[in-house]
There are 2 protein chains.
Amino acid sequence: MGRNKAFSRDQAVDSVMHLIWSQGYQNCSVKAVSEMLGITRSSFYHSFGSMESLFIEVLKRYYVHSPFCAFDQINEQGDILKEICTVFQNICVARVTDKEAKGCLMINSIIELVGSNDILSPPLSSSVDVVLTRLKRLLNAANMQEKLNEKEVEQKALALLNLLIGINVSGKFIKDYEQLWSSTRLSLQSLGVYNADYNMT
Amino acid sequence: MGRNKAFSRDQAVDSVMHLIWSQGYQNCSVKAVSEMLGITRSSFYHSFGSMESLFIEVLKRYYVHSPFCAFDQINEQGDILKEICTVFQNICVARVTDKEAKGCLMINSIIELVGSNDILSPPLSSSVDVVLTRLKRLLNAANMQEKLNEKEVEQKALALLNLLIGINVSGKFIKDYEQLWSSTRLSLQSLGVYNADYNMT
DNA sequence: TATATATTGTACATGTATGTACATTACTTG
DNA sequence: CAAGTAATGTACATACATGTACAATATATA
């Protein structure tokens, strides 16, 4: 019972995600967000509580749009390393293609907020942990023959994460696909993830 | 002739640098900065014109504090690759040591501003170009025997820049030196920059 | 159809933020 | 020491921003 919402929460979270994505969290005031949603600030507070709690909701939603998510789709029975490379390649395409140079919302937010926002730092940090854990799992699965030890897997996973972050930032000023991808491929190849046989261009 | 400034411009730029560094550019209002400097906003505008122009001044000043600057100090006659590794190692130390998790001002600002601030995007992007050019030069100088071609040098330089960016961001949530450095070392080693003989721990 | 209730809107009090016009101050040079 | 000038301060007009109290609205259920 009670009155119906004048807006779809799903759509709202989605458009707020895009706003924060392109403008940064700190640049999104309750006023601006409310106006974009076509509701009053009063309704905003009633529905979402605060910008922080809305952002946490956005963050969960973002995951399915994130470069990280693609790692979850990888079939562990297939050629894992090749699929990892494909994910990286797709990220290069996405970064070069995006005219707004938005980059990755999660990475952007980490830089913007971790260390300064006590409420949002924990969820952001733990989001990264998830990715790191996932990468370790993939590397271990791909590792049946190579036999890296636990520490080496961890190092390599973090190296891949660093590369992921690097690309997402470089994409802000490097708009040439060939340049971005070829250096990414070089890094992947060096780390033993890319194989010349893959022949990706 | 005329009245003396009540503050040292040098000190002012320096403290504004640290404020922006720890809080982010967008979080530093003219009001807050003026109050920190102990001057009125009126004086601020008179002395600096705008936050944007002050930031450009800060950016120049930052360079000598930046991880990038260390590359300029490298003696091209010595063991260039080893010195590059030392720079990376020092960055790992700096990131892990910094309790505020500030990261690199330049990288932070790129993520925060490139693509959204039309005035500050160009100086930020060109700052990166300087670093990339410097890295290419170092790699070429270290390359006398290896004979990489132009493209390969460019790829490797960008790979190093990506690594640099990755570390600076990872340092926000990874506070264990061993973890950060060992994965960085792995990346450097993979790229043929680190040599097991260096024996850096 | 009446009523409970979730949603929305209005209004308020308060603080922050920006940029400028104009007056004041203090110092330097002739 | 007088005059010119750079630096500073005051005041204003305007807009943005936050969070809440209270009233109005719409709808599902009884």
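So you know, we letter chains A, B, ... as the sequences are listed, proteins then strands, and number each from 1.
- Contact annotation: the side chain of B:E152 never approaches that of B:L139 to less than 4.5 Å [non-hydrogen atoms, C-beta and beyond].
- Relative ring orientation between B:F44 and B:F48 is described as tilted, the plane-to-plane angle lying within the 30° to 60° band.
- Side-chain N/O atoms of B:H46 include none lying less than 4.0 angstrom from OP1 or OP2 on D:dT8.
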Write out a two-atom table: protein N or O, nucleotide N or O from nucleotides 22-25 of chain D, distance below 3.5 Å.
unit_1: D:dT25; atom_1: O2; unit_2: A:R3; atom_2: NH1; d: 2.7

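- Screening B:Y198, B:W181, B:Y194 for a side chain to side chain contact (heavy atoms under 4.5 Å, CB included) with B:Q89, the sole residue that qualifies is B:W181.
- B:Q26 places its CD atom 11 Å from the P atom of C:dT18, with the value rounded to the nearest Å.
- A donor-acceptor pair under 3.5 Å is absent between the side-chain atoms of B:R61 and the main chain of B:M17, judged by distance alone.
- No side-chain donor from either of B:Y25 and A:Q26 sits under 3.5 Å from a side-chain acceptor of the other.
- B:I39 has its CD1 atom 21 Å from the P atom of C:dT24, to the nearest Å.
- Between B:E35 and B:K31 there is a salt bridge, since a side-chain N of the basic residue sits under 4.0 Å from a carboxylate O of the acidic one.
- Within the 4.0 Å cut-off from OP1 or OP2 of C:dT8, at least one side-chain nitrogen or oxygen of A:S47 is found.
- Residue pairs meeting the side chain to side chain donor-acceptor pair (under 3.5 Å) criterion with at least one member in residues 164-176 of chain A, sequence neighbours excluded: A:R95-A:N168, A:S170-B:N162.
- In summary, the side chains of A:Y63 and A:D72 do present a donor paired with an acceptor at a separation below 3.5 Å, with no hydrogens or angles considered.
- Regarding B:R9, its CZ atom lies at a distance of 15 Å from the P atom of D:dA6, rounded to whole Å.
- The side chain of B:N4 places an N or O atom within less than 4.0 Å of a non-bridging phosphate oxygen (OP1 or OP2) of C:dT28.
- Between the P atom of C:dT7 and the CZ atom of A:F44 lies a distance of 15 Å, rounded to the nearest Å.
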Taking N or O atoms only and anything under 3.5 Å, show me the protein contacts with nucleotides 15-19 of chain D, one pair per line.
unit_1: D:dA17; atom_1: OP2; unit_2: A:S29; atom_2: OG; d: 3.4
unit_1: D:dT18; atom_1: OP2; unit_2: A:V30; atom_2: N; d: 2.8
unit_1: D:dT18; atom_1: OP2; unit_2: A:K31; atom_2: N; d: 3.4
unit_1: D:dT18; atom_1: O4; unit_2: A:R41; atom_2: NH2; d: 3.2
unit_1: D:dG19; atom_1: OP2; unit_2: A:Y45; atom_2: OH; d: 2.6
unit_1: D:dG19; atom_1: N7; unit_2: A:R41; atom_2: NH1; d: 2.6
unit_1: D:dG19; atom_1: O6; unit_2: A:R41; atom_2: NH1; d: 3.2
unit_1: D:dG19; atom_1: O6; unit_2: A:R41; atom_2: NH2; d: 2.7

